[in-house]
Visitor: 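Dropping a structure here in structure tokens format, bear with me for questions.
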Amino acid sequence: MKCPFCSHMEDKVIDSRPTEEGSAIRRRRECLKCGARFTTYEKIEDTPLIVIKKDGTRQIYDRNKIINCILKACSKRPVSITQVEDLAINVEQVILNSMKREITSTEIGELIMPRLKNLDEVAYVRFASVYKQFKDVDTFMAELSKIIQEK
């Protein structure tokens with residue numbers, strides 16, 4: 001760390017502690033050349049996750065959008081808000097653990113579908129009908145047939 005007083009590049013850390021919010025570490029330093037003391041802060045660089053929509057536009061990831069689309073699919077179904085939030089958190093963890101800085105909305109949908117299918121099959125079909133953009137009744141019936149065969 002460069003000393004703000006003499007520009008010397010060597011110092012020693014005298015004290016180190018987390019800030020009040022816990023979002024950064026405060027370090028008290030002493031320059032090895034001039035003996036001046038100064039404070040530095042170390043924090044995690046926050047890079048937003050970007051979602052690439054089907055039309056090519058980009059927007060910042062928002063967990064609430066996932067929760068809202070799952071809630072629509074689960075409308076009038078025996079699925080609690082806690083289960084919906086847990087599903088959204090689970091999907092978010094998978095996305096963040098992938099270390100990607102950009103993800104397509106299609107990839108997010110692919111992560112949601114199997115989890116929603118395990119949660120509630122009717123909600124899954126509702127979600128799939130919008131996500132996969134079923135064009136006609138035959139496509140819808142083909143998806144239902146897959147579910148019935150799996151049982």
Visitor: I need the D120 CG to R77 CZ distance, nearest 0.5 Å.
Guide: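 Rounded to the nearest 0.5 Å, the CG-CZ separation comes out at 4.0 Å.
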Visitor: Side chain of S75, backbone of K72: donor and acceptor closer than 3.5 Å?
Guide: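 Answer holds: no.
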Visitor: Is there side-chain contact between V125 and F127, with heavy atoms separated by less than 4.5 Å?
Guide: no
Visitor: Which value, rounded to the nearest 0.5 Å, describes the distance between I50 atom CD1 and T57 atom OG1?
Guide: 11.0 Å
Visitor: NZ of K2 to CE of M9: how many Å apart, nearest 0.5 Å?
Guide: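 So the NZ of K2 and the CE of M9 are separated by 7.5 Å.
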Visitor: On a heavy-atom basis, which atom in R17 and which in D15 lie closest, and how many Å separate them?
Guide: NH2-OD2, 2.7 Å
Visitor: Can a donor-acceptor pair be found, under 3.5 Å and without considering hydrogens, that links the side chain of N90 to the backbone of D86?
Guide: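 Not confirmed, N90 side chain does not pair with D86 backbone.
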Visitor: Which pair of heavy atoms, one from P78 and one from Q83, lies closest together, and at what distance?
Guide: O-OE1, 4.1 Å
Visitor: Could you check whether any side-chain heavy atom of R37 comes within less than 4.5 Å of a side-chain heavy atom of I14, counting everything from C-beta outward?
Guide: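 Yes, their side chains come closer than 4.5 Å.
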Visitor: Show the nearest heavy-atom pair for residues Y124 and M113, with the distance to one decimal.
Guide: CD1-O, 3.4 Å
Visitor: Are I108 and V94 connected in the hydrophobic side-chain network, where two residues link if heavy atoms are under 4.5 Å apart?
Guide: yes
Visitor: May I ask you to test the E42-R27 pair for a side-chain heavy-atom distance under 4.5 Å?
Guide: yes
Visitor: Looking at A73, is its backbone amide N or carbonyl O close enough to the side chain of R126 to form a donor-acceptor pair, meaning the two atoms are under 3.5 Å apart?
Guide: yes
Visitor: Which value, rounded to the nearest 0.5 Å, describes the distance between S98 atom OG and Q93 atom CD?
Guide: 10.5 Å
Visitor: If you compare all heavy atoms of C31 against all heavy atoms of D11, which two are closest, and at what distance to 0.1 Å?
Guide: CA-CB, 4.0 Å
Visitor: Checking S16 against R28: is there a side-chain donor and acceptor pair closer than 3.5 Å?
Guide: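 There is no such pair between these side chains.
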Visitor: Would you please say whether a donor-acceptor pair under 3.5 Å links the side chains of T82 and E85?
Guide: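 Judged by distance alone, the side chains do not pair up.
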Visitor: Considering all heavy atoms of both residues, which atom of R58 and which atom of I52 are nearest to each other, and what is their separation?
Guide: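 It is NH2-CD1, 3.5 Å.
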Visitor: What I'd like to find out is whether the side chain of M1 reaches to under 4.5 Å of the side chain of T40, using heavy atoms alone.
Guide: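 Side chain of M1 against side chain of T40, heavy atoms only: contact under 4.5 Å found.
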